[in-house]
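Worksheet: the structure to be examined is printed underneath.
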There are 2 protein chains.
Amino acid sequence: MGGPLPRDPIADAQRNWEQHGWGEVAAPMAAITAIMRTQQILLGRIEDVLRPFGLTFARYELLALLSFARDGSLPMSRASALLQVHPTSVTNAVDRLEAAGLVERAPHPTDGRTTLVTLTDAGRRVAGRATAALNTEVFARSGFTDDDVEHLIRVLHGFRRRAGDFLDP
Amino acid sequence: MGGPLPRDPIADAQRNWEQHGWGEVAAPMAAITAIMRTQQILLGRIEDVLRPFGLTFARYELLALLSFARDGSLPMSRASALLQVHPTSVTNAVDRLEAAGLVERAPHPTDGRTTLVTLTDAGRRVAGRATAALNTEVFARSGFTDDDVEHLIRVLHGFRRRAGDFLDP
DNA sequence: TCCGGACCCTTGGACGTCCTAGTAGATTTC
DNA sequence: GAAATCTACTAGGACGTCCAAGGGTCCGGA
């Protein structure tokens, strides 16, 4: 999409903020912009690894979630809550995974409102291979040191808790 | 979209990874997933603040970039490079900003291939007000301490440089 | 009993992102 | 100078995300 720039555009933006009288918030602006860009880079790497499996990150996340669930099955609303995405995003992902034969929809045995999503055998196989690929090709070479990882987990855990994601300690 | 969960779903995922033999990469996985979620939270806050201005974050970023450029004008290819998004994303954003009267397209004086995007007076006014709103309502209350901000900037700068974003020190 | 509110899922639409392909203009190469 | 190669932008399409709206189901209080 274009080679490396000669200078860091986010550091430039931070300088611009400072020169225009917003020095107080220039640093948080730069940190937040850097998070946005980092997410974009990481998502690109992940999607590159998942493409051969016919998966996107959204679909992979659902497969991985199901593979850790009892019986490989969850209500769609539960998946929406755990993945922290809108219910319609789950509907979308399940539609495509179902078309690919990786999951199945089934009515809930006692609650007529809820739909259960269940991993098929093929889905469990694909989930396992995709996880192995992601682990060795992305997470094992994340580009962060162990200290960075430790620190990011701690700082972002606190941020997400304060943002209301969860009640945990 | 759903209230707080009782437990941190990312910490749970990390435990699942460890219990399934991927202990070596469980921490980087958790850090990367946390970056994804943090980006989602921050983007939501930003879009909430920009909505009253009829802007999205993508359009705001272009306006802000132009407001710092000489004459409020840049070639589209330059905007694409600095914002680090696909050229078609810039085409999309310019289409909508132009329809809103905030920017204008003009042919480059000497290079027939390139199109210049220029801020209108209205565009400059909206950019200024949107920046003030973002600074006071999002960046000044980022939810990160000064130390967190400092650390994030440093760690993510290194990550982005190693990822090939720029050549800077 | 039944009825209104809460919950679950889906449809349709808006947006941003990327990719592929195509056109037009510029530059390099021979 | 002409052909091959780059570069810049745009059209069309796939995908994920969200919101608003709608229909089915469940439950608790009158």
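Every chain is numbered from 1 and lettered A, B, ... according to where its sequence line falls, protein lines coming before strand lines.
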For residues 154-161 of chain A, which side-chain donor-acceptor pairs fall under 3.5 Å, sequence neighbours excluded?
| from | atom 1 | to | atom 2 | distance (Å) |
| --- | --- | --- | --- | --- |
| His157(A) | ND1 | Asp8(B) | OD2 | 3.0 |
| His157(A) | NE2 | Pro169(A) | O | 3.2 |
| Arg160(A) | NE | Leu156(A) | O | 3.3 |
| Arg160(A) | NH1 | Asp8(B) | OD1 | 2.8 |
| Arg160(A) | NH2 | Asp8(B) | OD2 | 2.9 |

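- Near-neighbour residues of DNA chain C inside residues 79-107 of chain B, defined by a heavy atom below 4.0 Å, number-ordered: Val85(B), His86(B), Thr88(B), Ser89(B), Asn92(B), Arg96(B).
- Between Thr33(B) atom OG1 and Leu152(A) atom CG the span is 12.0 Å, to the nearest 0.5 Å.
- Clustering ILVMFWY residues whenever any of their side-chain heavy atoms sit less than 4.5 angstrom apart, transitively, puts Ile10(A) in a cluster other than the one holding Val90(B).
- Arg59(A) comes within contact range of the sugar-phosphate backbone alone, with a heavy-atom separation under 4.0 Å but no base atom that close.
- Note that the CG atom of Asp148(B) and the NE2 atom of His151(A) stand 6.5 Å from one another [nearest 0.5 Å].
- In this structure Thr118(A) satisfies the side-chain contact (heavy atoms from CB on, under 4.5 Å) test together with Ser73(A), sequence neighbours excluded.
- With sequence neighbours excluded, the residues that form a side-chain contact (heavy atoms from CB on, under 4.5 Å) with Arg125(A) are Asp121(A), Ala122(A).
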List the atom pairs, with distances to 0.1 Å, where a side-chain N or O of residues 36-54 of chain A and a protein N or O form a donor-acceptor pair under 3.5 Å, not counting sequence neighbours.
| from | atom 1 | to | atom 2 | distance (Å) |
| --- | --- | --- | --- | --- |
| Arg37(A) | NE | Asp165(B) | OD1 | 3.4 |
| Arg37(A) | NE | Asp165(B) | OD2 | 2.7 |
| Arg37(A) | NH1 | Gln40(A) | OE1 | 2.7 |
| Arg37(A) | NH2 | Asp165(B) | OD1 | 2.6 |
| Thr38(A) | OG1 | Ala34(A) | O | 2.7 |
| Gln40(A) | NE2 | Gln84(B) | O | 3.2 |
| Arg45(A) | NH1 | Ser142(A) | O | 3.4 |
| Glu47(A) | OE2 | Phe57(A) | N | 3.2 |
| Asp48(A) | OD1 | Arg51(A) | NH1 | 3.1 |

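- Extent of DNA chain C lying under 4.0 Å from chain A heavy atoms, first and last nucleotide in 5' to 3' order, is dC7(C) to dC18(C).
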Side-chain donor/acceptor pairs under 3.5 Å, residues 59-69 of chain B, sequence neighbours excluded:
| from | atom 1 | to | atom 2 | distance (Å) |
| --- | --- | --- | --- | --- |
| Tyr60(B) | OH | Thr131(B) | OG1 | 2.8 |
| Ser67(B) | OG | Ala64(B) | O | 2.7 |

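- Residues that satisfy the side-chain contact (heavy atoms from CB on, under 4.5 Å) test with Thr88(B), not counting sequence neighbours, are His86(B).
- Looking only at distances, a side-chain donor or acceptor of Ser80(B) sits under 3.5 Å from a matching main-chain atom of Val85(B).
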Please table the atom pairs, donor to acceptor, closer than 3.5 Å between any side-chain atom in residues 95-102 of chain B and protein atoms at least two apart or in another chain.
| from | atom 1 | to | atom 2 | distance (Å) |
| --- | --- | --- | --- | --- |
| Asp95(B) | OD1 | Arg105(B) | NH2 | 2.1 |
| Arg96(B) | NE | Asn92(B) | OD1 | 2.6 |
| Glu98(B) | OE1 | Arg105(B) | NE | 3.1 |
| Glu98(B) | OE2 | Arg105(B) | N | 3.2 |

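- Checking Arg113(A) against Glu61(A), the closest nucleotide of DNA chain D that is more toward the 5' end is the one next to Glu61(A).
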Checklist entry - Step by step, would you call Phe144(B) with Ile35(A) a side-chain contact (heavy atoms from CB on, under 4.5 Å)? => result CA-CA 12 Å; Phe144(B) 295 116; Ile35(A) 289 170; 4.0 Å; yes
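- Near DNA chain C, meaning a heavy atom under 4.0 Å away, the residues from residues 31-57 of chain A are Gln40(A).
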Item to check | Pair assignment for DNA chain D - dot-bracket with | for other-strand partners, Watson-Crick or G-U under 3.5 Å | outcome: ||||||||||||||||||||||||||||||
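- In this structure, the nucleotide among dT25(D), dC9(D), dT17(D) sitting nearest to the side chain of Asp111(A) is dT25(D).
- By the side-chain contact (heavy atoms from CB on, under 4.5 Å) test, Ala106(A) is found to be paired with no residue, residues two or more places apart in sequence or in another chain being considered.
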